[in-house]
Amino acid sequence: MFVLGCVACCRLGLLDWSLLLLCSIFGTSMKEPSVSPGPTPVPVFLTKLWVLVEDSANCDVIAWNTNGQTFSILDEQRFTKEILPRYFKHSNLSSFIRQLNMYGFRKVMSLENGLVKSESAIEFQHPFFKKGRPELLEHIKRKVNSVKTEDAHLSQDNLQKVINELKVLQDGQSNMDFKLDTMRREN
Amino acid sequence: MFVLGCVACCRLGLLDWSLLLLCSIFGTSMKEPSVSPGPTPVPVFLTKLWVLVEDSANCDVIAWNTNGQTFSILDEQRFTKEILPRYFKHSNLSSFIRQLNMYGFRKVMSLENGLVKSESAIEFQHPFFKKGRPELLEHIKRKVNSVKTEDAHLSQDNLQKVINELKVLQDGQSNMDFKLDTMRREN
Amino acid sequence: MFVLGCVACCRLGLLDWSLLLLCSIFGTSMKEPSVSPGPTPVPVFLTKLWVLVEDSANCDVIAWNTNGQTFSILDEQRFTKEILPRYFKHSNLSSFIRQLNMYGFRKVMSLENGLVKSESAIEFQHPFFKKGRPELLEHIKRKVNSVKTEDAHLSQDNLQKVINELKVLQDGQSNMDFKLDTMRREN
DNA sequence: TCCGTTCTAGAATATTCGCCG
DNA sequence: TCGGCGAATATTCTAGAACGG
């Protein structure tokens with residue numbers, strides 16, 4: 001990915017540019033989910049995440065790990081305060097992690113991370129988020145809001161009373177709507 | 001509410017004060033050791049909107065109209081660029097209006113606004129958003145995504161809430177019926 | 001509470017001492033849940049939290065708010081790195097917040113906090129966590145892992161239907177109110 | 001059994017964008 | 001073109017679940 005290799009060249013104003021390039025590669029639109037029947041659009045979050053991790057200017061803060069299979073947040077403070085607000089509308093690490101989980105990323109509990117408590121990096125992984133494999137991004141799926149169906153029974157008595165009142169109200173509203181229309185015609 | 005009338009008096013530190021007042025009015029839990037979840041909390045958007053419109057420092061940009069029944073955005077440019085980013089995570093007027101619609105606000109097409117096209121102010125209205133009536137805010141309901149909500153905790157409490165809402169609706173319908181009759185006689 | 005008044009006197013090593021004193025007051029054991037039939041033991045977390053907030057040595061990092069009804073984490077960085085490991089076995093803000101929620105604390109969204117610009121303080125509240133009222137602590141209950149029994153469940157489906165109808169009605173009433181206002185203006 | 005820590009998910013609101021009458 | 005809305009993603013706050021002490 002020559003494009004991504006260049007990302008580190010400049011400091012500012014680069015963000016938009018690299019994102020736009022990625023968009024043209026992945027069929028992502030910065031602004032729109034896009035309705036074109038073309039390639040599956042990659043969500044903006046994933047595109048930004050890719051640029052984020054790929055950008056060697058951030059390598060002290062967030063970067064691919066040596067094997068290219070995972071990435072780590074090396075400096076939580078700077079990542080939260082410097083990187084996040086440049087890409088997103090917030091600077092909360094928890095919001096960023098919520099997005100990662102929403103897209104199926106899992107935290108990696110490596111031995112290093114587990115042993116060295118206070119200084120451990122935050123490491124995440126996804127089977128379709130690999131260094132040098134941007135074409136895999138389109139396979140990362142956002143989890144959908146599952147609709148729970150749970151059945152039981154409530155005190156039917158009180159509920160019935162409420163339902164009756166509801167019907168009265170509905171009738172009243174229909175009536176008033178009709179009156180309104182009538183008056184409008186009369187005017 | 002006399003207190004809210006005073007809100008506009010000062011410039012800074014105003015937010016804390018008005019917020020405390022709002023909390024005490026809405027039962028947003030800054031006050032009492034009472035244990036229950038208390039009254040339904042008012043969404044942040046509505047609270048912000050109220051302070052926004054109420055703040056006389058913004059009166060050149062957004063303000064109540066003379067009758068206190070509606071409010072208008074008087075200076076679209078300044079509202080978008082100055083006010084919005086101070087309260088929200090964006091500076092798009094369309095996003096702001098989407099929120100208004102989501103909470104049931106309607107654009108007012110008054111004759112003045114309708115006639116003078118290019119210079120017309122943007123005027124909005126909601127039956128429970130009235131100057132001097134902050135206690136009505138809790139009746140403004142966000143429209144639901146038609147997905148099932150609150151599957152988990154329901155009981156007699158929730159049923160009671162539904163009943164309370166029913167009463168509010170019944171009052172509203174009586175009121176409207178009265179207004180209709182009045183108008184009919186006037187015609 | 002004379003004990004708490006002394007908390008601020010010294011700087012270090014005081015922690016254990018004040019905690020022990022509180023334990024003797026509240027019947028809390030630092031090490032064990034204690035089975036004594038005496039006063040309800042206050043969980044260690046709550047005791048530590050109280051000392052944490054009360055200690056004026058931490059007042060730049062975490063402190064009661066002016067009304068004594070809520071407390072705020074003023075310096076997230078220092079709180080995470082300096083305070084947390086002194087009281088708990090970790091230095092993760094998210095773990096601390098998880099505990100707060102587990103005991104029923106709720107985040108306070110004040111307007112000041114809501115303003116986008118300022119990296120606002122993190123403010124929490126609990127009806128039984130009040131400045132100068134340590135005797136209320138024993139009323140704060142940890143949420144239990146509820147094993148859902150079918151019997152305990154109430155009919156969510158039917159109630160949900162009623163709620164949905166209610167929302168439709170509310171929407172309809174708002175609409176009609178709007179129409180009425182429009183007609184009034186036109187007349 | 002209860003509490004503490006961690007990782008992930010649920011639920012509600014917020015922001016964006018396009019459709020439709 | 002305009003106002004209102006559906007739908008998808010984004011952000012926030014809280015809860016579920018697994019594990020250990």
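A note on names: the letters A, B, ... follow the listed sequences, proteins ahead of strands, and every chain is numbered from 1. Because the structure is a prediction, the values reported are computed rather than measured.
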For this session: Rounded off to whole Å, could you give me the CG-to-C1' distance for the B:Leu93 and D:dT15 pair?
Result: 13 Å

Exercise. How many Å lie between CD1 on C:Ile122 and P on E:dT11, as a whole number?
Worked result: 17 Å

For this session: Whole angstrom is fine here: how far is it from CZ in B:Phe45 over to P in E:dT11?
Result: 18 Å

For this session: Classify the angle between the aromatic ring planes of B:Trp50 and B:Phe129 as parallel (below 30°), tilted (30 to 60°) or perpendicular (above 60°).
Result: perpendicular

Problem set entry | Distance below 4.0 Å between A:Tyr87 side-chain N/O and E:dA10 OP1 or OP2 | no

For this session: Map A:Phe124 and B:Lys89 onto DNA chain D by nearest heavy atom, then report which one ends up closer to the 5' terminus.
Result: A:Phe124

Exercise. What class does the angle between the rings of C:Phe45 and C:Phe88 fall in, given that below 30° is parallel, 30 to 60° is tilted and above 60° is perpendicular?
Worked result: tilted

Exercise. For E:dT12, does either OP1 or OP2 sit under 4.0 Å from a side-chain N or O belonging to C:Lys107?
Worked result: no

Seminar exercise, completed: Ranking B:Ser95 and C:Gln99 by the position along DNA chain D of their nearest nucleotide, the one closer to 5' is C:Gln99

For this session: Ignoring backbone atoms, test whether A:Asn92 places a side-chain nitrogen or oxygen under 4.0 Å from the OP1 or OP2 oxygen of E:dT12.
Result: yes

Exercise. Which one, D:dC7, E:dC13, E:dA7, comes nearest to the side chain of B:Arg98?
Worked result: E:dA7

Exercise. Between atom CG in C:Leu100 and atom P in D:dT6, what is the gap in whole Å?
Worked result: 14 Å

Seminar exercise, completed: Note: C:Thr80 and C:Pro85 closest approach over all heavy atoms is O-CD, 3.4 Å

Seminar exercise, completed: Between C:Met102 and A:Phe88, the residue closer to the 5' end of DNA chain E by nearest nucleotide is A:Phe88

Seminar exercise, completed: When A:His90 and C:Phe178 are each assigned the nearest nucleotide of DNA chain E, the 5'-most assignment goes to C:Phe178

Problem set entry | Aromatic plane relationship, A:Phe105 with A:Phe71 - under 30° parallel, 30 to 60° tilted, over 60° perpendicular | perpendicular

Problem set entry | Interatomic distance where CZ belongs to C:Arg106 and P belongs to E:dT12 [whole Å] | 17 Å

For this session: Respond yes when some side-chain nitrogen or oxygen of C:Tyr103 is under 4.0 Å from OP1 or OP2 of D:dC3, and no when none is.
Result: no

